[in-house]
Number of protein chains: 2
Amino acid sequence: MEITQETDYAVRCVLYLSSIGPEQTVRIEEIAAEMQIPRSFLAKILQKLTQADIVRSYRGVKGGFRLSRPPKEITLLQVVEAVEGPVAMNRCTREGSLCDFKKTCVVHPVWRRLRTIVETYMKDITFEKLKKERRQEAMAQNILTVRRKKT
Amino acid sequence: MEITQETDYAVRCVLYLSSIGPEQTVRIEEIAAEMQIPRSFLAKILQKLTQADIVRSYRGVKGGFRLSRPPKEITLLQVVEAVEGPVAMNRCTREGSLCDFKKTCVVHPVWRRLRTIVETYMKDITFEKLKKERRQEAMAQNILTVRRKKT
DNA sequence: ATAATACGAGACTAATTTTATCCTGTTTAG
DNA sequence: CTAAACAGGATAAAATTAGTCTCGTATTAT
Ligand code: SF4
Ligand code: SF4
């Protein structure tokens, strides 16, 4: 029971976008390099994130991506669901018709409850929270200043 | 993020075994039919459950399976882990070396925490609990008496 | 205008995992 | 000794995951 590599990439990507200014954009190329994500795969992931209205894309010269709202309003759950669909925990909480036992099954409510627990936890993790921790770490290591020079 | 079909089969299987007497054994055939699990696939699953010391197998005529300890001492987590390995939630909580960022990553602790949450929940669900609910339902519908006749 | 840049969409592919099946061998009750 | 029942390994189809590539469209600087 694990998220996919794709989902982890997506989280890294949104985390990176959380660290830039709200007026800036960054190219796929930059995110891919900084977050160690295969470039063309990331392009696909960003399409999903765009369609889920988590990021917004800008085409052409000077184009790129930015978050479509402040990091505070983007949760881990939203990102996970955008790339891999509902966190159902078991098929029957996603599509009940898949199992004949559903009506009488005593395990079904267990999975439903677990689903709620996981969703609740992930809903509480915003990228604002993550960003803050990240900035603190970066400052402790002077990573941010290094990156500014390079840009 | 879902358990596999195999895992669901395993849970059904252990649930069924929880309902029989501690001295009885049941054949793969019976479990497969009652719990709607492909026979040969179930055989494989039971091997894993045997190796994890959740069930015990008996060969030869009159052979079959039974739980290797009372349902009270078997948790959902044990069964899940027996068939699909650790519930890591993300690769990095299973094998840290898989990610270069691990040391500084602010998301990593989030997955670790979620893992703990899920494990804690599943550890609390014993098959004794499930069995009790199941018996109540069965009695309400007279399923148990029907099954006894058939045997 | 138009060339260069950057994302969008869809087809395609490779690798891995999931979901099984089957065969041969071993154990055991009667 | 033999029929019943599980053990273990090989094999295979289907689904999912992970990733690439090409061509199209939008944007902007010149
Ligand atoms: S057996 Fe119960 S838990 Fe399993 S899929 Fe069916 S309803 Fe869900
Ligand atoms: S980026 Fe962070 S969360 Fe993702 S795999 Fe690496 S350590 Fe884990």
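These values consider heavy atoms only, across backbone and side chains, with no hydrogens, waters or symmetry-generated copies. Predicted model only: the values in this text are computed from it and were never measured. In what follows, every chain begins at residue 1, and chains take the letters A, B, ... in the order their sequences are listed.
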Review point. Could you spell out the base pairing of DNA chain C in dot-bracket, with Watson-Crick or G-U pairs whose two distances are under 3.5 Å, [ ] crossing and | to another strand?
Key: ||||||||||||||||||||||||||||||
Practice item. Map Gly63(A) and Gln47(A) onto DNA chain C by nearest heavy atom, then report which one ends up closer to the 5' terminus. Key: Gly63(A)
Practice item. Let me know, please, whether Leu46(A) or Tyr9(B) comes out on the 5' side of the other along DNA chain C by nearest nucleotide. Key: Leu46(A)
Is the shortest side-chain N/O distance from [X] to OP1 or OP2 of [N] below 4.0 Å?
| X | N | result |
| --- | --- | --- |
| Ser57(B) | dA7(D) | yes |
| Thr4(B) | dT19(C) | yes |
| Gln51(A) | dA9(C) | yes |

Review point. Looking at Glu119(B) and Arg115(B), does any basic side-chain N land under 4.0 Å from a carboxylate oxygen?
Key: yes
Check your understanding: Looking at Asp53(A) and Arg56(A), does any basic side-chain N land under 4.0 Å from a carboxylate oxygen?
Key -> yes
Revision key, fill the gap. Side-chain atoms of Gln5(B) come closest, of dT19(C), dA6(C), dA7(D), to dT19(C)
Exercise for review: Compare the minimum distances between each of dC7(C), dG19(D), dT21(C) and the side chain of Ser40(B), then state the nucleotide with the smallest one.
Suggested key: dT21(C)
**Study point:** Whole angstrom value for the distance that separates P of dC7(C) from CZ of Phe41(A)
**Key:** 17 Å
Review point. Contact class for Glu84(B) (heavy atom, under 4.0 Å): base, sugar-phosphate, or nothing?
Key: nothing
Review point. Base, sugar-phosphate, or nothing for Glu2(A), non-hydrogen atoms under 4.0 angstrom?
Key: nothing
Exercise for review: Answer yes if the ring centres of Tyr58(B) and Phe65(B) are under 6.0 angstrom apart, and no otherwise.
Suggested key: no
Study note, to complete from the structure: Per nearest nucleotide of DNA chain D, the residue lying toward the 5' end, Val61(B) or Lys62(A), is Val61(B)
Check your understanding: Can you find a donor-acceptor N/O pair under 3.5 angstrom joining the side chain of Arg59(A) to the base of dT25(D)?
Key -> yes
Check your understanding: Below 3.5 Å, does any donor atom in the side chain of Lys44(A) face an acceptor in the base of dG8(C), or the other way round?
Key -> no
